[in-house]
Amino acid sequence: MTGRSFLVATRSAGKLAELRQIFSTYDVRILDLDAAGIPETPKEEDLEKFETFEENAIAKARFFFDHSGGIPTFADDSGMCVDALGGEPGVYSKRWSGRLDLDSRAIDAANNAKLVTRMQEARVVQRERFTDSGRYIAVAAFKDASGETVRRGEIEGRVLFTPRGNRGFGYDPYFEAPELGGTFAESSIENTAAGSHRSRAFRALLAALRAEGRI
């Protein structure tokens, strides 16, 4: 394992659990924000204000690199893009419901309620043109003194009207990915860490950084 520690810029327990699995396969030592002693501030809510996953991921990596005093930093932005909804919620996945006054589980519930409602409306309006296809997209970013690097990962699937599974977070109970053998909420952390959109983005990023000698 490398002697250096790297910061992972997320406050999501579910995301962090998946990332720990991914990073362990590369023997990379990581710190979460709490372990690095970085308190949560209102400024963090303004980081994901851009129109692309790439811009949001880099913004988070830059912010926490600076606020950690220069610890090499990993960050990501991810979301679900639904074909019947014209690619929504996309980069707005986390805050789609507009209920950021709620805690994380309640935000997930509000977002998923909006998803089901919008899909039901789309099925009625689009009729024979309706499709339940979509994809999860993630962009992983890295910032250190040498520069910035990003990689993208995607996984195709279908959006469900009825949730399945009690693992994961966000839209996971409503997104079925054949490559995972079910919904993300039915998938074990080991299975998800091996083949999810986030796994694909971070594994591509880690491989690129290792080839450059930066990790």
Check for a donor-acceptor pair, side chain of Asn111 on one end and backbone N or O of Asp108 on the other, with a separation under 3.5 Å. no
Look at the side chain of Asn112 and the backbone N and O of Gly170, then say whether any donor-acceptor pair between them is shorter than 3.5 Å. yes
Yes or no on side chain to side chain donor-acceptor pair (under 3.5 Å) for Arg214 and Thr149, after CA distance, side-chain angles and deciding distance? CA-CA 11 Å; Arg214 293 165 67 191; Thr149 303; 2.8 Å; yes
Please say whether more than 12 non-hydrogen atoms of neighbouring residues, nucleotides or ligands are located less than 6.0 Å from NZ in Lys94. no
Got a sec, which residues hit side-chain contact (heavy atoms from CB on, under 4.5 Å) with Arg95, two or more places apart in sequence or on another chain? Glu48, Tyr92, Leu100
Show your reasoning for whether side chain to side chain contact (heavy atoms under 4.5 Å, CB included) applies to Leu209 and Tyr26. CA-CA 11 Å; Leu209 295 173; Tyr26 281 81; over 6 Å; no
Please tell me if the side chains of Lys114 and Thr117 come closer than 4.5 Å, counting only heavy atoms from C-beta onward. no
Walk me through it: do Arg11 and Asp34 pass the test salt bridge (charged side-chain N to carboxylate O under 4.0 Å, His left out)? CA-CA 8 Å; Arg11 298 196 187 274; Asp34 289 338; 3.7 Å; yes
Does Arg151 use its side chain to pair, donor to acceptor, with the backbone of Ala208 at less than 3.5 Å? no
Write out all pairs satisfying side chain to side chain donor-acceptor pair (under 3.5 Å) with one or both partners inside residues 76-85, taking only residues at least two apart or from two chains. Lys15-Asp76, Asn56-Asp77, Asp76-Arg198, Ser78-Arg198, Asp83-Ser133, Asp83-Arg135
Let me confirm one number: the CD1-CZ distance from Ile107 to Arg99, rounded to the nearest 0.5 Å. 9.0 Å
Sequence neighbours excluded, which residues qualify as side-chain hydrogen bond (donor to acceptor under 3.5 Å, both in side chains) partners of Thr183? Glu186
Co-members of Tyr136 in a cluster of I, L, V, M, F, W and Y side chains, linked at under 4.5 Å: Met80, Val82, Leu85, Trp96, Leu115, Val116, Met119, Phe130, Ile155, Val159, Phe161, Tyr171, Tyr174, Phe175, Leu180, Phe184
Please identify each residue that fulfils salt bridge (charged side-chain N to carboxylate O under 4.0 Å, His left out) with Glu54, with sequence neighbours left out. Arg152
Measure the CG-CD distance between Leu47 and Glu45 for me, rounded to the nearest 0.5 Å. 8.5 Å
Who are the salt bridge (charged side-chain N to carboxylate O under 4.0 Å, His left out) partners of Arg200, not counting sequence neighbours? Glu179
Gap between atom CZ of Phe169 and atom CD of Glu18 - 0.5 Å precision: 6.5 Å
A side-chain contact here means heavy atoms from C-beta on lying under 4.5 Å apart; do Ile71 and Ser5 qualify? no
To the nearest 0.5 Å, what is the distance between CD (Glu176) and CZ (Arg158)? 5.0 Å
Flag, side chain of Ser196 to backbone of Ala193, donor-acceptor distance under 3.5 Å: no
In sequence, state the C-alpha distance, the side-chain angles, and the governing distance for Phe74 and Phe23, and then conclude on ring pair (Phe, Tyr, Trp, His ring centres under 6.0 Å). CA-CA 11 Å; Phe74 289 93; Phe23 278 87; 4.9 Å; yes
